[in-house]
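Everything on this sheet refers to the single structure shown next.
Position 1 is the first residue of the sequence; numbering continues from there. Excluded from the calculations below are hydrogen atoms, water molecules and symmetry mates; all remaining heavy atoms, backbone and side chain alike, are included.
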Amino acid sequence: MKSNSEIKKEAIEVLQLEAKALEALTKKITDDFAEVVNNILNLKGRVIVSGIGKSAIIAQKIVATLNSTGTPSIFMHAADAIHGDLGIIQEDDLIIVISKSGNTPEIKVLIPFLKQAKNKLVAIVGNLNSFLAQQADYVLDTTVEREACPNNLAPTTSTTAQLAMGDALAVCLQTLRQFTDRDFAKYHPGGALGKQLYLKVSDLSTNNGKPTVLATDNVRTTIITITKFRLGATVVMEDDQIIGIITDGDIRRMLENHEDTAKLTAKDIMSANPKQIEEGELAINAFHKMKDNNISQLVVVSDGKYAGIIHIQDLLKEGII
C-alpha cells in the first residue's frame, strides 16, 4: 500500500506529464491545421471521424463536440467501416481518421477505400512516418514523448493530445462561424445547460400568479394573500405602482416587534424598493440576482409594470441550479 502523499505525488506527475504534452502540441499547429479548418468551413457535407480502440472513443467525443458547436459530424468505427459502414460517407464529406501509430491493421485496410472515394482525408496521428500520415491530405501531429502509463503502453497522454486537437478544431470552427450561446442552446434544449441558455423569467413566473395587496390592506389580508399564492411573498401596490414587498420574514419580524398588529397596514410592514427583474431576462440571471442579494424571490416586471413573482424554488424545479 502506498501512502496518501505517494499517491498524490504520482497523480501530480501524471497531470504534469500530460500538461507538458499539451504545451508541446502548440508547436505542432501548422498550416495543415488552418487548411483543415477552412475546408470544414466550406464543406457542403459532414465531417466523418473514425478510429479504433481508444482513438475511437476520442473520435466519438470529438464528433459530439463538433455537432454541439455547429459542425455536422458522424462517428464511423474503423473496424465497422470495412464491414458495411463505408456507406455512411457521402461525396461532399471530409474524413478525419485518428490513430496514435497510424499503422494498425484496420487503418491500413480502411485507408485505400477512403482514398478511392476521393474525399479529403485528415490524419490526427502520433507517427508522421506512418501509413496513415503518408496517405492523408492533411496531417495534424499529436506525437507525444511518452504515455503517462508507467509502462509507456496504455493510451493516456496520446489520447489527451488527440482530444485537445479535436477541441482546438471545434473551437476555431465555432469562432469563425460566430456560433453564439443562443445557437448553442438550440442544440442543447434539454438539461440544465440548455435551460440556462433559453429559459426566460416569464416562462416560470406566469405560472405563479400575481400576489398583490394594497398599501392600506391589513395584516390578516396580507397573510391570507401570501398563503394563497404559496410564494412566500406578496407585492404591495399603491396607485398602480409597486412600492414594496412583504415576505414570510417580514411577517415574522412584525410579530417580534409588535404586540398589537390590529392597526398595522401592509405599508407599515413591507420592505420598500424590492429587487426586480424584467420578464424577458434569462431565468438563470434571476438566480444570480437572488444569490447576490441573499433573497428567495424577485418581483417580475414588464416595462416597469408588475407582472408576477419568481421564486428560487421555480429554478430548482426546472433543474437550472
* To do: Please determine which of I242, V236, I246 meets the side chain to side chain contact (heavy atoms under 4.5 Å, CB included) test together with P274.
  => I242
* Flag for T221-N218: side-chain donor and acceptor within less than 3.5 Å -> yes
* Answer yes or no: is there an ion pair linking D92 with K44, defined by an N-O contact shorter than 4.0 Å? => no
* **Heavy atoms from other residues, nucleotides or ligands near NZ of K28 exceed 12 (cutoff 6.0 Å)** => yes
* To do: Ignoring hydrogens and angles, state whether a donor on the side chain of T142 or Q162 is under 3.5 Å from an acceptor on the partner side chain.
  => no
* Approximate separation, where rounding is to 0.5 Å, of E18 CD and T159 OG1 -> 7.0 Å
* How far apart are the C-alpha atoms of N208 and F229, what are their side-chain angles, what is the distance that settles it, and do they pass the side chain to side chain contact (heavy atoms under 4.5 Å, CB included) test? -> CA-CA 7 Å; N208 291 338; F229 287 89; over 6 Å; no
* **Taking every non-hydrogen atom, the tightest pair across A78 and I52** => CB-CB, 4.2 Å
* **Which residues share a salt bridge (charged side-chain N to carboxylate O under 4.0 Å, His left out) with R146, sequence neighbours left out** => none
* Asked: Nearest 0.5 Å, what's the CE-CG distance between M270 and D250?
  -> 10.0 Å
* To do: Compute whether any side-chain donor of one residue and acceptor of the other, for R220 and T261, lie under 3.5 angstrom apart.
  => no
* May I have the step-by-step check of salt bridge (charged side-chain N to carboxylate O under 4.0 Å, His left out) for D167 and K61, ending in yes or no? => CA-CA 9 Å; D167 285 344; K61 192 277 176 185; 2.9 Å; yes
* Asked: Looking only at heavy atoms, which two atoms of P211 and I309 are closest? And how far apart?
  -> CG-CD1, 3.6 Å
* To do: May I ask you to check whether over 12 heavy atoms, not counting those of K289, lie within 6.0 Å of atom NZ?
  => yes
* Evaluate the criterion side chain to side chain contact (heavy atoms under 4.5 Å, CB included) for residue pair I269 and I251; output intermediate values, then yes/no. => CA-CA 8 Å; I269 60 175; I251 296 296; 4.1 Å; yes
* When rounded to the nearest 0.5 angstrom, what is the spacing between OG in S99 and CD1 in I58? -> 12.5 Å
* To do: Would you indicate whether D240, at its atom CG, is surrounded by more than 12 heavy atoms from other residues, nucleotides or ligands within a distance under 6.0 Å?
  => no
* Distance (rounded to the nearest 0.5 Å) between L176 CG and I40 CD1 -> 11.0 Å
* Do other residues, nucleotides or ligands put more than 12 heavy atoms under 6.0 Å from the NZ atom of K228? -> no
* To do: Please answer whether the main-chain N or O of A64 pairs with a side-chain N or O of N67 as donor and acceptor at a distance below 3.5 Å.
  => no
* **K118/D137 ion pair, N-O < 4.0 Å** => no
* Under a 4.0 Å N-O cut-off, is there an ion pair linking K9 with E13? -> yes
* Asked: Are more than 12 heavy atoms from other residues, nucleotides or ligands located less than 6.0 Å from atom CG of N207?
  -> yes
* Would you check if the side chain of T143 reaches a backbone N or O of D141 as a donor-acceptor pair within less than 3.5 Å? => no
* Check whether the side chains of S3 and S5 place a donor and an acceptor atom closer than 3.5 Å, and report yes or no. => yes
* Under the salt bridge (charged side-chain N to carboxylate O under 4.0 Å, His left out) criterion, do K200 and E278 qualify, and how do the steps go? -> CA-CA 10 Å; K200 294 182 179 179; E278 279 286 336; over 6 Å; no
